[in-house]
Amino acid sequence: MSSPSSDFLRTLAERGYIHQASDLEAIDAAALVGRLTTYVGYDCTAPSLHIGHLLSIMMLHWLQETGAGRPIVLMGGGTTRVGDPSGRDETRRILTVEQIEDNKSSIRQVFSRFIRFGEAGHDAAMADNAEWLTKLNYIDMLREIGRHFSVNRMLSMDSVRLRLDRDQELSFIEFNYMVLQAYDFVELSRRYGCLMQMGGSDQWGNIVTGIDLGRRLGTPQLFALTCPLMTTASGAKMGKSASGAVWLNADLFAPYDYWQFWRNTEDADVGRFLRMFTTLPLAEVSRLEALGGAEINEAKKVLATAATALLHGPEAAAGASETARKTFEQGVTADTLPTVEVPWGEIEAGLPIAPAIVRAGLAASNGEVVRAIAGGAISVNDARVTDRSRVVGPVDIVDGVVKLSFGRKKHVLLRAV
RNA sequence: GGGGGAAUGUCCCGAGCGGCAAAGGGGGCGGACUGUAAAUCCGCUGGCUAUGCCUUCGUAGGUUCGAGUCCUACUUCCCCCA
């Protein structure tokens, strides 16, 4: 299509969120009149979402921000009990209902950072498909929904074919996932007048199946919009860091670490990430992106602070930024670094370096510390440790704390109490 | 139902004549170089109360001074025939 006339689609296009869409012109028209109620579903497989989910959350943010329609966050309390085979080449482990409920309540929190919930106008709504899926009766469901599904068609879906082609197990329960997700779309259309479903590119098949089911069950025409799968410029999947996934919940991944994650973006990704993961004006993004050589570091700091502010709030972002400035640019010990408390008695008696590092959460075992020392990775108060029998004692305490470092980027303060 | 093959370091892939804490990749981490980047080079990538001890090769037994390796049963997966 020619350039979109709605703010929503134009913003999404300019910022690089659009991978595939079912009918851009119709979507554009609905957005223009503010009727584009849209949902994104999130499964409750972990206690927190991670940055892989951020793109779709940002799309909901822009949907609301541009007045295109009402965002609906759908918690997969029901579908998680089944397990989505998309993008998986192994059967998902089946979670207990309790785990799912715990995860659900833990995941919910982050959304209010990005979208405004409430009852008015374009205020967002949160739904949970457990509400209707758990009430389905098998026979009724087969008669009313199942008859609209062609197994021939289902077998041709990417998520299924991948497993079949590789002769990998696909259990019947997983095979049903797309049916449930399709039904969700219809249900949300009926309950909220939802017109569109967004998600990652791997969701395309499931979304389109929902559109199809809607047509057969007489909903208004439904639409699909997907965002690209996030990778770094060097081709690696995004979302992994030193300590595993980059979680959105602060208790699993500290704001400081989150800031650092963005700060360490590859040069080639800076512009793209600024567009997708911050709300900075595009003119500003272009300017930052044009910075060359070492200057691009300024752009990375802006990216880190803006992205962190979106998720954890401006204060946490400023704090992380300041801690980083002190730690890296001044080499000063910032008291806002992650801190672990240790009884004074242990320090007084002398705490061997290996257990101290483990206690600080910087390594998983004494053996790892011993190897790290051999590799020159461990420092106490910025002085490299070369002797594995080094002991952290009272002489190391400066202003009540000892600064322990694993590599140049991971620092923890041990505070004597 | 019959026949054949496979399961290896809990991140993944993968080699492994009866002496194995187990080759080689990838990934990850660390060091050097830089700009807290990329690329490149180097090191590390079971645990411990550590010149030794313990736990690891699908599960359970067995043979052996000694088993990832041989035998038996079981589990799961793949292929061929019906």
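All figures in this text were calculated on a predicted structure; none of them were measured in a lab. Chain naming here is simple, since letters A, B, ... match the order of the sequence lines and numbering starts at 1 in each.
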Is [X] touching bases, backbone alone, or none of the nucleic acid, heavy atoms closer than 4.0 Å?
X: A:Gln260; result: base
X: A:Arg263; result: base
X: A:Arg388; result: nothing
X: A:Ile378; result: nothing

Grab the [atom1]-[atom2] distance between [X] and [N] for me, whole Å please.
X: A:Glu368; N: B:G30; atom1: CD; atom2: C1'; value: 10 Å
X: A:Phe273; N: B:A38; atom1: CZ; atom2: P; value: 12 Å
X: A:Phe406; N: B:G28; atom1: CZ; atom2: P; value: 15 Å
X: A:Asn366; N: B:C54; atom1: CG; atom2: C1'; value: 15 Å
X: A:Leu303; N: B:A37; atom1: CG; atom2: C1'; value: 12 Å
X: A:Glu266; N: B:A38; atom1: CD; atom2: C1'; value: 6 Å
X: A:Arg371; N: B:U45; atom1: CZ; atom2: P; value: 5 Å
X: A:Ile373; N: B:C44; atom1: CD1; atom2: C1'; value: 13 Å

Using the [atom1] atom as the reference point in each nucleotide, state the distance between [N] and [M] in Å, no decimals.
N: B:G68; M: B:C57; atom1: C1'; result: 5 Å
N: B:C12; M: B:G46; atom1: P; result: 13 Å
N: B:U10; M: B:U45; atom1: P; result: 13 Å
N: B:G43; M: B:U49; atom1: P; result: 28 Å
N: B:U36; M: B:A32; atom1: C1'; result: 15 Å
N: B:C53; M: B:G58; atom1: C1'; result: 27 Å
N: B:A7; M: B:C42; atom1: C1'; result: 35 Å
N: B:C33; M: B:A15; atom1: C1'; result: 35 Å

>> Anti or syn, where syn is a glycosidic angle within 90° of 0; which label fits B:C41?
In response: anti
> Can you tell me if A:Arg263 uses its side chain to pair, donor with acceptor, with the backbone of A:Ala304 under 3.5 Å?
Replying inline: no
>> Please check: side-chain N/O of A:Asn381 versus main-chain N/O of A:Ala383, any donor-acceptor pairing under 3.5 Å?
In response: no
For [N], which nucleotide is its Watson-Crick or G-U wobble mate, given both distances must be under 3.5 Å?
N: B:U72; result: B:A60
N: B:A37; result: none
N: B:A50; result: none
N: B:U10; result: none
N: B:G43; result: B:C29
N: B:A21; result: none
N: B:U55; result: none

>> Among residues at least two apart in sequence or on other chains, which ones pass side-chain contact (heavy atoms from CB on, under 4.5 Å) with A:Glu295?
In response: A:Leu291
>> Is a donor from one side chain sitting under 3.5 angstrom from an acceptor on the other, for A:Asp184 and A:Trp132?
In response: yes
>> Holding to side-chain hydrogen bond (donor to acceptor under 3.5 Å, both in side chains), I want the full list of residues that pass it with A:Thr386, two or more places apart in sequence or in another chain.
In response: none
>> Please compare A:Ala364 and A:Arg408 by the position of their nearest nucleotide in RNA chain B and report the one closer to 5'.
In response: A:Arg408
>> Let me spell it out: for each of A:Ala374 and A:Gly407, pick the nucleotide of RNA chain B with the closest heavy atom. Which residue's pick is nearer the 5' end?
In response: A:Gly407
> Do the side-chain N or O atoms of A:Ser365 get closer than 4.0 angstrom to the phosphate oxygens (OP1, OP2) of B:G47?
Replying inline: yes
>> So, OP1 or OP2 of B:A37: does either fall under 4.0 Å of a side-chain N or O from A:Lys409?
In response: yes
>> Tell me if the side-chain of A:Asp267 makes a donor-acceptor pair with the base of B:G35, cut-off 3.5 Å, by modelled atom types.
In response: yes
>> Run the salt bridge (Lys or Arg N to Asp or Glu O under 4.0 Å) test on A:Glu322 and A:Arg325 for me, step by step, so that the C-alpha distance in whole Å, both residues' side-chain angles and the decisive distance to 0.1 Å come before the verdict.
In response: CA-CA 5 Å; A:Glu322 181 59 14; A:Arg325 196 179 62 78; 2.9 Å; yes
>> Please identify which of these residues, A:Tyr258, A:Tyr256, A:Trp259, meets the ring pair (Phe, Tyr, Trp, His ring centres under 6.0 Å) condition with A:His312.
In response: A:Tyr258
